[in-house]
Amino acid sequence: MKIIEASQKYRIEMEKALKKDRFDHTLGVAYTAANMAFVFDEDIEKAITAGMLHDCAKCMAHSDQIDICHKYGVELTDIEMRNQKLIHAKAGMCLAKHKYDIDDPYILDAIRYHTTGRPDMTKLDKIIFTADFIEPNRKMLKDMDIIRKEALSDLDMAVYHILKNSMDYLGSQDDEMDPMTIRTYEFYAKKLGKM
């Protein structure tokens with residue numbers, strides 16, 4: 001499938017599946033990911049596809065997201081069951097594979113880990129994780145202008161910066177942190193000599 005075909009195919013599907021603001025965010029992620037793929041010599045079609053499908057389960061009821069994960073044997077943690085906004089990434093991976101016929105594990109993993117990250121992410125994982133945070137429709141968050149520049153020059157630093165800010169924010173809110181996010185933060189902090 002050519003890049004433009006992938007973009008148009010999933011754009012039509014996501015416009016039907018998502019609420020307007022979520023669809024606008026999805027377009028922002030897909031096209032930000034495509035730009036980052038140019039910069040970091042990543043497969044542009046894979047970046048657009050993962051970007052278009054990263055939130056494909058986001059507008060489904062949490063119970064439906066849970067059912068999809070159970071149907072396809074994807075384990076959900078106790079923390080995910082208590083903080084169900086995290087489940088859409090795993091449910092989205094299931095939909096991408098079984099509804100939208102994505103069989104590339106590289107794309108499926110980028111969808112699965114776009115909220116928590118994971119230690120030693122692939123380049124595509126990092127692009128989707130970062131594009132989800134910096135896309136133009138996102139409200140300005142702490143250090144957003146700096147992170148947007150890092151996202152086009154030092155992908156590991158952008159990932160670390162996003163994780164650090166997320167950890168600081170969640171810590172100040174007394175929200176429960178996903179252990180995968182903590183492990184990912186520690187991995188990139190060590191890799192960049194921040195620990």
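Along the sequence shown, residues carry numbers from 1.
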Roughly how far, to the nearest 0.5 Å, is OG1 of T26 from CZ of R11? 11.0 Å
Note: D109-R118 ion pair, threshold 4.0 Å (strictly below): yes
Who pairs with Y106 by ring pair (Phe, Tyr, Trp, His ring centres under 6.0 Å), at least two apart in sequence or on another chain? none
Ring pair (Phe, Tyr, Trp, His ring centres under 6.0 Å) against H88, all qualifying residues, sequence neighbours excluded: H114
Check whether more than 12 heavy atoms from other residues, nucleotides or ligands sit under 6.0 Å from atom NZ of K123, and answer yes or no. yes
Ring pair (Phe, Tyr, Trp, His ring centres under 6.0 Å) partners of H98, counting only residues at least two apart: Y72
Between CG of D104 and OG1 of T49, what distance do you get to the nearest 0.5 Å? 9.0 Å
Nearest heavy-atom pair of C59 and K19: which atoms, and what distance? SG-N, 3.5 Å
Roughly how far apart are M121 CE and L155 CG, rounded to 0.5 Å? 8.0 Å
Examine M60 and M14 and state if one hydrophobic cluster contains both, with Ile, Leu, Val, Met, Phe, Trp and Tyr joined whenever side-chain heavy atoms are less than 4.5 Å apart. yes
CG of L152 to CG of N35: how many Å apart, nearest 0.5 Å? 7.5 Å
Cluster membership besides M81, Ile/Leu/Val/Met/Phe/Trp/Tyr side chains within less than 4.5 angstrom, sorted by chain and number, is I66, L76, I87
For the pair K164 and D168, find out whether any cationic side-chain nitrogen is under 4.0 Å from an anionic carboxylate oxygen. yes
If you round to the nearest 0.5 Å, how far is CZ of R183 from CG of L163? 12.5 Å
List the residues meeting side-chain hydrogen bond (donor to acceptor under 3.5 Å, both in side chains) with D178, not counting sequence neighbours, and say none if there are none. none
Please test D120 against K191 for salt bridge (charged side-chain N to carboxylate O under 4.0 Å, His left out), starting from the C-alpha separation and ending with a verdict. CA-CA 9 Å; D120 203 18; K191 182 175 182 181; 5.1 Å; no
Show the nearest heavy-atom pair for residues I128 and A47, with the distance to one decimal. CD1-O, 3.6 Å
Check against salt bridge (charged side-chain N to carboxylate O under 4.0 Å, His left out), K149 and D145: CA-CA 7 Å; K149 289 176 184 163; D145 53 342; 5.7 Å; no
Ring pair (Phe, Tyr, Trp, His ring centres under 6.0 Å) filter on Y160, not counting sequence neighbours, yields Y185
To the nearest 0.5 Å, how far apart are OG1 in T181 and CG in L86? 7.0 Å
